[in-house]
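This report refers to the structure that appears directly beneath it.
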Amino acid sequence: MKNTIITFLAILPLLGACTKKSNDILIGEFGSLTGNDATFGLSTNKGLRMAFDEINAAGGINGKKIKLITIDDQGKSEEAASAVTRLITQDNVVAIIGEVASGRSIAAAPIAQKHQIPMVTHASTNPEVTKKGDFIFRTCFIDPFQGFVGAKFSIQTLKAKKAAILRDVKSDYSVGLADVFATEFKNMGGEIIADLSFQGGDLDFKAQLTQIRSKNPDVIFIPGYYTEVGLMAKQARELGIKVPLVGGDGWDSARLHEIGKEAINGSYYSNHYTTESTDPTVVEFIKKFKEKFNETPDSMAALSYDTAKILAAAIGRTKELTPKNIRDELAKTTDFPGVTGKITINADRNAVKSAVIVQVQGPERKYISTVSP
Amino acid sequence: MHKSVKTPLIAFAALLLFGGLLNFGVNAYIQLIVLFVIINSILAMSLNLVNGYTGQFSLGHAGFMAIGAYTSAYASTQFSFFSESFGFIGIFVTTITGGLLASAAGFLVGLPSLRLKGDYLAIVTLGFGEIIRVTLLNMEAVGGPRGISGIPSFPNFFFSFSYSCFWALICFFFIWRLIRSSHGRGFLSVREDEIAAEAMGINTTKTKVQAFVLSSFFAGVAGALFAHVTNFISPSSFTFLMSVNAVIMVVLGGMGSLSGSIAAAFFITLMPEALRSLQEITGVDLRMVIYSLLLILIMILRPQGLFGDKELPDIWRKYVRKSA
Amino acid sequence: MSVNLLEVKNMTMQFGGLKAVDSLSFSIPQGQLSGLIGPNGAGKTTVFNMLTGVYRPTQGEILLSGKNIVGMKPYEINHLGMARTFQNIRLFKNLSVLQNVLIATHQHISYGLFDTVFLSKKFQNQETEMHAKALSLLKIFHLENKAHEKASSLPYGEQRKLEIVRAMATDPILILLDEPAAGMNHAETHELMKTIARIRHDFNLSILLIEHDMKLVMGICENITVIDHGVKIDEGTPQKIQTSEKVIQAYLGVEA
Amino acid sequence: MQDFVQHIINGISLGSIYALIALGYTMVYGIMKMINFAHADVYMVGAFTAYYVAKWTGLESSPGVSTLLLLLVSAMIICSVLGLLIERLAYRPLRKSPKLNVLITAIGVSLFLEFSGQVIFGADPKVFPEVMNQFVIANFGGLELKSSDVTVLGVSLIAMVILNFIIQKTKIGRAMRAVSSNASVASMLGVNTDRVISFTFIVGSSLAAIGSILVGMKYPKIDPLMGMMIGLKAFVAAVLGGIGSIPGAVAGALIMGLSEEMVVGYLSSTYRDALAFGILIVILIFKPTGLFGKYSVEKV
């Protein structure tokens, strides 16, 4: 018995490698379905599934169905690298979508580039990502823009002079955004009076907030994820800090308010789209998403949904289905009417699109303004 | 030819042949997994020196690997000499430098091990690993949380394979011969009974620090290889879980068995990949659930690890004798 | 320079409030076979632990060949020529009998890591030498046929013998034996005592022997120190000790 | 000055959370000499138990003492059962194995709970229900003392006192001490070792359950990996105080909480975790068995 189990354990790894041929169009997705960043990977996956289901239900692309192959990278860079290698060489996908985190996109991009397979990231805002090669695209705005939006909004709308920054040192997204914000805010005549850090996954931020409180800022810029921001808002209010909190698209989730409760009300963040939009594309998307998953889509879902549609459109335009042709067609994307705005891919293979500022008001997000590049 | 290099060279030649087959026979994904197996083997063998042969309890191996990886990646990306003409000399120099810096860190971590034992030592090494990671996280020069990207890769798979095998063989033969020498028996005596070892004239302090330094060197080398294979490293690649993974490989393979370490490296690297196919059937990702369950089962069913403290030839001999 | 090989002066060991050994002085001349006896818990093993550097005495001096060894590490003391066995056997259990002995010879090798890795001439010669020496020592106690067995698989009596072999392999000038005959039957003990007397002669050793059982020691020791509760109560030839009132009292006092 | 007092309050409140979890580590270590890595994940299961019980009973939005009690009891029961199962299925077969094996098994159990949690509960964070209304206990010059801060500290201290009482004064406590100092002798003397160890796991897991609810009230975000970081910190705190010592765990945890707070408040927010470990290393180097750890002379 014991030996049987041990033998079984020993041969288990060998069962691995087997490739299948299929008539479908294979598209790969790599994302953090488990691990600390799982929430973003899961949203992304929902958006993609919804988009491809819609396309397949409508008959696919030129008669061919799309098959999405999803690989979990557990939120680890090295797993992302091997996931992409696997998608390309083992599963033979024609295009890849991913990742949310810039770090993992940067780890994966050179591999896609090397194998000449187009890779589209829907939410990696770090500028480095698309510099990895001409097969790498992005459908969201980049950190310098978002940081600029945050700084401009703080100075012009909130009339802030002194800002404190609370950055997540574990996240390259957060660090990049914080750096841009600091530079832009100073350029616009403001002053950064505190620049403190935390680590994603922390629960207690009172030490940082106490320090910030003593410096009396007009605004606190927190380029973090909603998972921490909710708690942070609570603790800030408990410490008697009343100034507005400002953040980026990492805040966007229904949970933000559920965790932060009334403490987060009145805070602002820049986002890819607003649920208040009357644009039929958006209204339709939100309605269908709620039907399918019983929750309000966050911006990850919206972005991945758009990305899937853009990719599908590019594939539809190809005469012959090769990765090279898909790449060429992707590059030609102009004024694509997405949920997150009209999307045009520029020469740097980045999306040119505007950002919106929204204010948290309970479960609602009140639209404040749109900032165009 | 001197016999000291004969066996390693034969082994190397055999591996090269195998590498040649892999080069054309399988796709890049399998090739990448093969490279990870080799790197993990170096990691496991080197940790075996501390945990298996010297009986110390280190939980900070990822830290040493990180130092090796960062050093070599930094050298490869920052100094044009390495990146432009990434010739063999350049690769070699960066790898060695990575290993040396890692062993310097190993020296620092080895020092507290003089006073601490068991769980306390484990926790302190864990702490050192975390300190290294947090420090890297905050060093702008090496990219902070962004890590280092665009690390030049080796020219091709065959080169990566041969070069990794080259180091794996060095690591293997180094430890193999060390353990069969008087120096190595000193290591073993520390594991068996420190007080008796001291009484028999073994400088246990020196021995322990030596074990840490040598082990970290190879961990650093493994890190350097890792950096150039993945072309991207960041502090989150070297978490506590990676150290745990290294310890798991050592215990799974058998404390004090080099061939066991290699077998365990195969198993631990391949299993999660193999289980990926399962995901298509079940729909949910049960890989890590199964992985952890297997780990518990193996510890209960075979607490001494796959090979115990025996090496493959011993087991082979025993098996042949039994069946004859 | 003192003629005594080992000279202990006012050695004291205090654990918290308890004085395990109190101002103990004694000496061992070159070549003598001495005994250290006392009832259970008298502090004999503590004396050994201080002599070999496991514990650092709270007070006092220990001179080995005229050199104060207090504060030295056990391995340094061993390198100066003092070796020991352990009362509750501390062999390297999972290693072979031969490896146990080889480890003790480690201090005599001069080859380095480089020689090891490249299997240099120096390495090979010294390894051959070490093996030969280890085997010849094992022969004295008839253990040579078990050289490749696991130390823990030996019967109890042989484990004690292996401890002695291992201690001898460090090339000591003084060897401390902690109850070497414990757990042996009468015939075995008798044989062991004969062997001890022989190696002392053949290897020109001085020996200090702890024995709980007085009768055993009387047979071979030339000089005996008796301690009780950490204090020396008498010292002298076996004849003298056998008739000493204080010694008899100490033993009766405890055992009665 | 106001900031300094605030930092002290913050530090103690953070430390008392570590303390609750550290007590569980130290209990099990004291009796079995093993690091129960899965403890932090039992804590996670406690939080999710409370979450689901509140959801199913519809008590999510009716905070009050009865809700708190219901959640506490259900979490304690589930966690105790889980703790018992872990001990029975994973640790008991290994009781005579080398330490490293037990440690790896514990890590295995921990990973198993974390990853099963991600499959069963989903990997994205959930919002912990509001169990009790928070109120301000005292307010002096802008410094507010919140009920949640005091509750956690109070519960940790009470748990410490009760545990100490159980161990020092009761029959099962005597048996525990016997098992702790020598399990085989204890069982020869008629102590039912299995029962003592089971009891230890029940107590440890219940502590984890209490901790999870108190922490959930304070930081209402729970996810399957929530135990990882806090567990590591709490464990470090237990080692710092001398693992196996109950007052040591609380002292270590408070030191840990305070030093983290002070490091962020006055030195550098970026090196918070590194410095926490730095302090640990320095203390262990000077006092190798931790602050309250018993130093045992190895018998030669």
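Just so it is clear, the values below take in all heavy atoms, side chains as well, and ignore hydrogens, waters and symmetry mates. Letters go in sequence order (proteins before strands), and every chain restarts at 1.
In terms of heavy-atom pairs under 4.5 Å with chain B, the best-connected choice from A/Leu87, A/Thr85, A/Val84 is A/Thr85. Interface remark: of the candidates A/Pro110, A/Gly176, A/Ala108, A/Gly103, A/Gly103 forms the most heavy-atom pairs closer than 4.5 Å to chain B. Contacts with chain B were tallied for A/Val169, A/Asn126, A/Ile106, A/Val175; A/Val169 has the most, counting heavy-atom pairs under 4.5 Å. Contact count versus chain A (heavy atoms, under 4.5 Å) is highest, among B/Ile33, B/Asn231, B/Leu32, for B/Leu32.
Proximity of a side-chain donor or acceptor of A/Ser77 to a complementary backbone N or O of B/Ser237 within less than 3.5 Å is not detected. The backbone N or O of B/Pro145 sits nowhere less than 3.5 Å from a side-chain atom of A/Asp172 that would complete a donor-acceptor pair.
In this model, no donor atom of one side chain and acceptor atom of the other lie less than 3.5 Å apart for A/Lys76 and B/Thr239.
Heavy-atom contacts from other residues, nucleotides or ligands closer than 6.0 Å to CG of B/Asn156 number more than 12. Annotation for A/Lys292: atom NZ counts as buried by contact number, over 12 foreign heavy atoms lying within 6.0 Å.
Under the ring-ring contact (aromatic ring centres under 6.0 Å, His included) criterion, B/Phe157 pairs with B/Phe161, not counting sequence neighbours.
Proximity to chain A (any heavy atom under 4.5 Å) is shown, for B/Tyr29, by both the backbone and the side chain. At a 4.5 Å heavy-atom cutoff, the contact between B/Val134 and chain A is made by side-chain atoms alone. Heavy atoms of A/Lys132 lying under 4.5 Å from chain B belong exclusively to its side chain.
The shortest distance between side-chain heavy atoms of B/Glu273 and A/Ser82 falls below 4.5 Å. Side-chain contact check for A/Glu79 versus B/Pro272: every heavy-atom pair is 4.5 Å or farther apart. Contact of the A/Thr89 side chain with the B/Gln31 side chain is not registered, since no non-hydrogen atoms from C-beta on lie closer than 4.5 Å.
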### Query
Run the side chain to side chain contact (heavy atoms under 4.5 Å, CB included) check on B/Met288 and A/Thr34 step by step: do they pass?
CA-CA 10 Å; B/Met288 294 308 286; A/Thr34 56; 5.9 Å; no

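A distance of 8.0 Å separates CG in B/Leu137 from NZ in A/Lys170, rounded to the nearest 0.5 Å.
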Name the atoms and distances for all side-chain donor-acceptor pairs under 3.5 Å in residues 35-44 of chain B, with sequence neighbours left out.
| from | atom 1 | to | atom 2 | distance (Å) |
| --- | --- | --- | --- | --- |
| B/Asn40 | ND2 | B/Thr269 | OG1 | 3.0 |
| B/Ser41 | OG | B/Val37 | O | 2.7 |

